[in-house]
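Keep in mind that what you see is a predicted model, and the values were worked out from it rather than measured.
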Amino acid sequence: MTWLLVVLPALLAGLVQGLTGFGAAIIMMIFLPQLLPINQSAGVAGLIMFASVVTMTLRYRHHIHIKRIIIPFIVYASVAAWSVHLGQTLDVQLLRKLLGGLLVGLAVYFTFSRRETTKRYPWWVAGMFMVVSGFFNGLFGIGGPLMALYFLSLAKSTEDYIGNLQAFFLVDVFYITTVRIINGIVTVQLAPYILIGMVGAFTGTAIAARILPKLPMATVKQLIYIFIGMSGVYYLFF
C-alpha cells in the first residue's frame with residue numbers, strides 16, 4: 001500500500017499548509033524518505049505542495065503585493081540553487097539539528113515574547129531569514145518556517161499573510177523544480193507519487209479553507225509558532 005504512504009501524509013500536509021501557510025513539505029519529508037532518496041523526496045514534496053499553493057494563491061490573490069515578494073525571492077532562490085548541489089558533500093544530520101535548534105528557539109521566543117509581530121524586522125534579520133530558508137530549501141525542500149515569520153511581520157491580516165506567502169511559494173515551486181529537473185533529480189518516473197500526493201494535498205487544503213476564515217489572526221499566529229516549534233523538535237531528534 002505504497003500509495004497510502006503518500007496520499008495520507010499529503011492530506012495532512014495540505015491541512016497544515018492551509019491553516020498555517022506553510023508546512024506541507026515538512027510533513028511530506030517525514031514520510032517520503034522511506035520511499036525515495038532525500039533529494040528526490042524534496043523534489044516530490046515540493047511538487048505535491050504545488051496543489052495547495054495554487055489553491056490558496058488563487059483564493060487570496062487580491063491580497064498579494066508583488067513588491068514584497070521580488071527581493072526576498074531573488075535572495076532565497078540564489079542560495080537555494082547553490083545548496084541543491086551540497087546534499088552529497090555536507091553533514092546533513094548536523095545541518096538538520098542546527099535547523100531544528102533554530103526553529104525551536106524562534107518558536108519559544110515568539111510564543112513568550114512581547115514583541116509586536118507586525119513590526120518589520122531589521123534588514124539584516126530579514127536577509128538572514130531569506131538566506132537560511134533558501135539554503136535549507138535547496139537541501140531538504142523546506143524553506144517555509146522563516147519565510148512565514150518574515151511575511152507574518154509584514155501582514156495586517158490573515159488574508160494578507162497567506163496570500164503573499166503562497167505567491168512566494170508558487171514562484172519558488174516553479175523555480176526550484178526547474179533546477180532539480182535540470183540536475184536530474186526530478187524525473188518522469190516520480191509522476192505517480194506526485195499526482196497521488198496532489199489529490200491528498202488538495203483535499204486537505206479544501207478542509208482547511210472551511211476552518212481558516214473562522215480563526216482570528218492571533219490564533220493563526222499561535223498555530224504558526226507551535227508548528228515551527230514542532231518542526232524544530234522533529235529535526236532535532238528524528
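- Taking the six-membered ring where the residue is Trp, the centroids of F73 and Y175 are separated by under 6.0 Å.
- Sorted by first and then second residue, the ring-ring contact (aromatic ring centres under 6.0 Å, His included) pairs with a member in residues 26-50 read F50-F174; sequence neighbours excluded.
- A 6.0 Å sphere centred on CG of L195 holds more than 12 heavy atoms belonging to other residues, nucleotides or ligands.
- Two residues are said to be in side-chain contact when any heavy atoms from C-beta on lie closer than 4.5 Å; F22 and F169 meet this criterion.
- Here the side chains of M28 and M49 are not in contact, with every heavy-atom distance at 4.5 Å or above.
- Between Y121 and Y150, the gap from one ring centroid to the other reaches at least 6.0 Å.
- For the pair D160 and A155, the tightest heavy-atom approach, listed with the atom from each and the gap, is OD2-CA, 3.7 Å.
- By the 4.5 Å heavy-atom criterion applied to side chains, S52 and F202 are not counted as neighbours.
- Taking 4.5 Å as the limit, every side-chain heavy atom of I228 sits out of range of all side-chain heavy atoms of T20.
- Residues L146 and L106 form a side-chain contact, since some pair of their non-hydrogen atoms from C-beta on lies under 4.5 Å apart.
- Under the 6.0 Å cut-off for aromatic ring centres, Y76 and F168 qualify, their centroids lying closer than that.
- Here the closest heavy-atom approach between residue G197 and residue A10 is recorded as O-CB, 3.1 Å.
- In this structure, L212 and T158 have side chains that are in contact, with non-hydrogen atoms separated by less than 4.5 Å.
- Between V173 and V54 there is no side-chain heavy-atom pair separated by less than 4.5 Å.
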